[in-house]
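Sequence lines set the chain letters: A, B, ... in the order given, protein chains first and strands last, and positions in each chain run from 1. Keep in mind that the numbers below use all heavy atoms, side chains included, and drop hydrogens, waters and symmetry copies.
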Protein chains: 4
Amino acid sequence: MKSRGETPLRADAARNRERVLRIAREQLAAGDDSLQLNTIARLAGVGVGTVYRHFPGRQALLEAVSSASLEKLAERAESAATGAEPLAELHELLRFALTRALNELGFAEVLESPSAADARTTALKSRFDRALGKLLRRATQDGHVRADLRASDIRRLLGGTTHALRCGPHPPRLVKTYLSTLTTSLRPT
Amino acid sequence: MKSRGETPLRADAARNRERVLRIAREQLAAGDDSLQLNTIARLAGVGVGTVYRHFPGRQALLEAVSSASLEKLAERAESAATGAEPLAELHELLRFALTRALNELGFAEVLESPSAADARTTALKSRFDRALGKLLRRATQDGHVRADLRASDIRRLLGGTTHALRCGPHPPRLVKTYLSTLTTSLRPT
Amino acid sequence: MKSRGETPLRADAARNRERVLRIAREQLAAGDDSLQLNTIARLAGVGVGTVYRHFPGRQALLEAVSSASLEKLAERAESAATGAEPLAELHELLRFALTRALNELGFAEVLESPSAADARTTALKSRFDRALGKLLRRATQDGHVRADLRASDIRRLLGGTTHALRCGPHPPRLVKTYLSTLTTSLRPT
Amino acid sequence: MKSRGETPLRADAARNRERVLRIAREQLAAGDDSLQLNTIARLAGVGVGTVYRHFPGRQALLEAVSSASLEKLAERAESAATGAEPLAELHELLRFALTRALNELGFAEVLESPSAADARTTALKSRFDRALGKLLRRATQDGHVRADLRASDIRRLLGGTTHALRCGPHPPRLVKTYLSTLTTSLRPT
DNA sequence: CATGAATGAGAATTCATTCAT
DNA sequence: AATGAATGAATTCTCATTCAT
């Protein structure tokens, strides 16, 4: 039994894993965030057991589906953290995150959750939080952002805005408006 | 068939209705927002059918439970709409609504929803929206609030803030902070 | 809601209950003691939910199926307890119990179990134990039975004998032999 | 294909076999007699396939785990068969067997079963049966034991006693008592 | 020989809603 | 009006066994 961080999957296992992920993404794209493992297994043409082997539950699958976006977001945050204009960077980061959260059902859930099923998710969120925290501090020192908000608060407030948009019609104009309220909401009082 | 505006209930029917509502409130207070009609019927000591007669589904029951708070909120909004200082009135109204939404599971759901199962709920929300709309206009004219927000947006943003608070720990300090971001978020850009 | 010990069932409910019990008995008679509620529901032509309403689990169903025999056994024990010849009564009681346990799959399980799912089962076992205890004391005083055995031990030893017979072929002759060893086993040393 | 009586195992195969057996024993010692081959494989750090290669099923594994005890028991029986006092030897043999059966989950199952998955088990049981049969005959001739019991019956009755003890609490005193009933049960009527 | 991914039937249980009583 | 029995699809998860690598 070889021990290493990332176990390389056997070719067929990797193929199945991808199939499941693809179907899961399709389900989410179709507006169904229940992610029933049985249904997904059937649609993916694999046994239920296979799905359970790769993803021990809905949450794990959700995190796997969102991991690419989460990583992308973390990268964005890291690059933003060192940008010349903290406030502008922060706004752009929020815009990016909100867009993703709106277009990828389930992403907000992962982002706002205080816990995670998979250690990799926790790690990615930490990366994001660290970078965002740095960005926040810089923006705060510039007097642009209130000082009592932590990275986790931003994640939660993002989730809140996503929720507000999702619970009714959300034409582009409204998305823009709510995003604007979100950025405004961070100003010092 | 008698003609009536508000259906007068037979004494025993009214008693049953109240029992069901009381139990539903208890369940919500206990942190269970699933509002399973079977369970509620059992706890209330009535048949499921009786619950269904009074409330044709979870949503209807939820709205009935929240109606008192919703009415209270509408009244507050109406009184706020004519207050001397629109902005202060608005803030106080938001504080009140958020507090209720946090303490009464299900209230935010009713408040933010674009639809309703019961006509009375729709009516109450309209009352609220009309009053809040008036207040918003006044605050906007004072230059305190951005002009592109309608009453329904405020309800949705309130729901968003509630969601953000509920998805993690929310000690009083955080509630205060998030409320503050909510009020700030309405400022013109 | 009327309160009483034995709720009388609605006619159709009673019919369903009986159907389920009949099928359960058939399954047991066919040598299947798994008593899968799904299967039983299907065979009985009722919904699974109906089975669960009447019997909240395998154990409850098993006890319901065995209750008639258990009651009969308790009655026998009560009558035996006052018989003229304690030892003969005891032997006959054991013979009766063993016969039942062999012919009714599941009965031994209920009889030997230290716990019960249904209060009625507990009550019946208590009745049996009291009567058997009395009989044991009388037989002990006559010097026919060792003094360190309680009624629950007899139930367990009966279960043991049943087990020994069931785990291999058990033609009538062997049943008789093992029953004989059981009665012999109670003698003082 | 090499011809062989006892298959000599390759060193690593032997090591794997031992690992699996060790884990299986641990599981049983921990009170889990389900012996799920997947679980055992994982705990042993080998693939399921490896477990299946060595032991084609739960029963085979169980027998392998119990084989040492079974052999020990056969030896005891053989030595007992030639002892000076058949009855005393028999009692001691029963005491030994019962103790093992109680302390080693699964041993009673192997002992009482009329069939076996592995030929070695069958052989060991035959050895035991032959020796015990001899002992029984001697004890019978002495008038201490009833004549209608065969070795297989003793195995079954032992299993019964084990079952009776296992289905409830079994403090040492009770073990002693039930063992006493077992030995008593063999007396001629 | 060893591996462990895959299988997929199957088991247990729940719950929203209907409708006969 | 009230009752609560019945429904049964739906959901979650397990595990013995096979077989491709």
task = Starting from P on F:dC13, measure out to CZ on A:R53 and report it in whole angstrom.
result = 17 Å

note = Sequence neighbours excluded, the answer for side-chain hydrogen bond (donor to acceptor under 3.5 Å, both in side chains) partners of D:E18 is none

message = How many whole angstroms separate atom CG of C:L62 from atom P of E:dA12?
response = 13 Å

ask   = Starting at CD1 of A:I40 and ending at P of E:dG8, how long is that distance when rounded to a whole Å?
value = 18 Å

Test side-chain contact (heavy atoms from CB on, under 4.5 Å) applied to A:F55 and A:E63, step by step = CA-CA 9 Å; A:F55 312 101; A:E63 291 176 15; over 6 Å; no

ask   = Rounded to whole angstroms, how far apart are CZ on D:R17 and P on E:dA2?
value = 12 Å

request  = Kindly express the pairing pattern of DNA chain F in dot-bracket notation, using | wherever a base pairs with another strand and counting only Watson-Crick or G-U pairs under 3.5 Å.
outcome  = .||||||||||||||||||||

query = Do you see a donor-acceptor pair shorter than 3.5 Å between the side chains of B:H163 and A:E112?
reply = yes

task = Calculate the interatomic distance between D:R42 atom CZ and F:dT14 atom P; express it in whole Å.
result = 11 Å

ask   = Taking atom C1' of F:dA2 as reference, at what distance in whole Å does atom CZ of B:F55 sit?
value = 15 Å

task = Ignoring backbone atoms, establish whether D:H54 has a side-chain N or O less than 4.0 Å from OP1 or OP2 of E:dC1.
result = no

ask   = Taking atom CG of C:L61 and atom CD of C:Q27, what is their separation to the nearest 0.5 Å?
value = 10.0 Å

task = If a protein heavy atom is under 4.0 Å from the base, mark B; if only from the sugar-phosphate, S; if neither, -; do that for nucleotides 13-21 of chain E going 5' to 3'.
result = BBSBBB---

remark   = When rounded to whole Å, the CG to P distance for the pair C:L43 and E:dA11 reads 12 Å

Which side-chain N or O atoms in residues 42-52 of chain A pair as donor and acceptor under 3.5 Å with protein atoms at least two apart or in another chain?
none

task = Examine F:dT3: is either OP1 or OP2 under 4.0 Å from a nitrogen or oxygen in the side chain of B:T50? Give yes or no.
result = yes

inquiry  = Among residues at least two apart in sequence or on other chains, which ones pass side-chain hydrogen bond (donor to acceptor under 3.5 Å, both in side chains) with B:R58?
reply    = B:E109

task = Hey, could you give me the CG/CG distance between D:D118 and D:L124, rounded to the nearest 0.5 Å?
result = 9.0 Å

Pairs meeting criterion salt bridge (charged side-chain N to carboxylate O under 4.0 Å, His left out) with involvement of residues 21-31 of chain A, two or more places apart = A:R22-A:E26

inquiry  = Test your reading of the model: is there a side-chain donor-acceptor pair from B:K125 to the backbone of B:S113, 3.5 Å cut-off?
reply    = yes

inquiry  = Expressed as a whole number of angstroms, how long is the span from B:N16:CG to F:dA2:P?
reply    = 5 Å

